[in-house]
Amino acid sequence: MIAAVPRGRVITYGQVAAAAGRPGAARLTVWALRHSEGLPWHRVVAAGGRIALPGVEGREQRLRLAIEDVTFRGGRVRMDLHDWSPGRRGPRPVGVRPRRASGSRR
DNA sequence: GCTTTGACTGGAA
DNA sequence: GTTCCAGCCAAAG
């Protein structure tokens, strides 16, 4: 499940657990990450796009995600753009969409 | 076997 | 917005 998350997308602990047939068992996802190797761990975030990893590792996670064109807002991943799992494997230009130069906020 | 430990979650206050 | 609490599952002690 986790290994299937493509670059530029993220998934939440709860979604992974649910997809594994264990809704509500988000902690199992933690266990899986802790006991597995070669997984794109940085693409797993807490509900609402929050980074669950404390301290330095959390910062590294954000960096890795940023490198994959994942955008943030106030320290959270924009789940409306990068959330994965609904089955949207289509190569949708997840990241920033071109914005006209004039005016506009942020 | 029972208790503790997690990178959690959703709802209530 | 934030904090608290009970619920969740599997492995390790």
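Naming convention: chains lettered A, B, ... in sequence-line order (proteins, then strands); numbering from 1 in each chain.
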> Is A:Arg78 paired with A:Asp83 through a side-chain N to carboxylate O contact shorter than 4.0 Å?
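Salt bridge between A:Asp83 and A:Arg78, a charged N being under 4.0 Å from a carboxylate O: no.
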> Indicate yes or no: does A:Arg9 engage A:Glu68 in a salt bridge with an N to O separation below 4.0 Å.
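Salt bridge: no.
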> Closest to the A:Arg76 side chain: C:dT2, C:dA10, B:dA7?
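Between C:dT2, C:dA10, B:dA7, the one nearest the side chain of A:Arg76 would be C:dT2.
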> So if I take every side-chain heavy atom of A:Ala46 and compare against B:dT9, C:dC9, B:dA7, which nucleotide ends up nearest?
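So the side chain of A:Ala46 is nearest to B:dT9.
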> Rounded to whole angstrom units, what separation is found between the CG atom of A:Leu33 and the C1' atom of B:dT5?
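Taking atom C1' of B:dT5 as the reference, CG of A:Leu33 is at 16 Å.
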> In this structure, how many angstroms lie between the C1' atom of B:dA7 and the CH2 atom of A:Trp31, rounded?
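So the two atoms are 15 Å apart, to the nearest Å.
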> Could you point out which residue of A:Val70, A:Leu65, A:Ile11, A:Val45 forms a side-chain contact (heavy atoms from CB on, under 4.5 Å) with A:His82?
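Passing option: A:Val70.
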> Expressed as a whole number of angstroms, how long is the span from A:Met1:CE to C:dC9:P?
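Atom-to-atom, A:Met1 to C:dC9, this comes out as 18 Å.
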> Atom CD1 of A:Ile11 to atom C1' of B:dA7: distance rounded to whole Å?
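Going from A:Ile11 (CD1) to B:dA7 (C1'), I get 15 Å.
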> Report the distance from atom CD of A:Gln15 to atom P of C:dC9, rounded to the nearest whole Å.
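Spelled out: CD on A:Gln15 to P on C:dC9 is 18 Å.
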> What integer distance in Å separates A:Leu28:CG from C:dC9:C1'?
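Result: 4 Å.
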> Have a look at A:Thr12 and say if it touches a base, only the backbone sugar-phosphate, or nothing, with a 4.0 Å heavy-atom cut-off.
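Sugar-phosphate only.
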> Hey, are the side chains of A:Arg7 and A:Asp69 touching, using non-hydrogen atoms and a 4.5 Å cut-off?
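With C-beta onward as the side chain, the pair touches.
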> Tell me whether the OP1 or OP2 atom of B:dA7 has a side-chain N or O from A:Arg34 closer than 4.0 Å.
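A:Arg34 to B:dA7 OP1/OP2: side-chain N or O found under 4.0 Å.
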> Taking 4.0 Å as the cut-off, does a side-chain nitrogen or oxygen of A:Arg22 come that near to OP1 or OP2 on C:dA10?
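Checking C:dA10 against A:Arg22, a side-chain N or O does come within under 4.0 Å of OP1 or OP2.
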> In the structure I gave you, are the side-chain heavy atoms of A:Trp41 and A:Gln61 within less than 4.5 Å of one another anywhere?
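Touching, per the 4.5 Å side-chain cut-off.
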> Provide, to the nearest angstrom, the distance between the CD atom belonging to A:Glu57 and the C1' atom belonging to B:dG6.
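After rounding, the reported distance stands at 14 Å.
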> Measure from NE2 on A:His35 to P on B:dG6 and round the result to the nearest Å.
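After rounding, the gap between these two atoms is 10 Å.
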> State which of B:dA7, C:dA10, C:dA11 makes the closest approach to the side chain of A:Pro54.
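Looking only at heavy atoms from C-beta outward on A:Pro54, the closest nucleotide is B:dA7.
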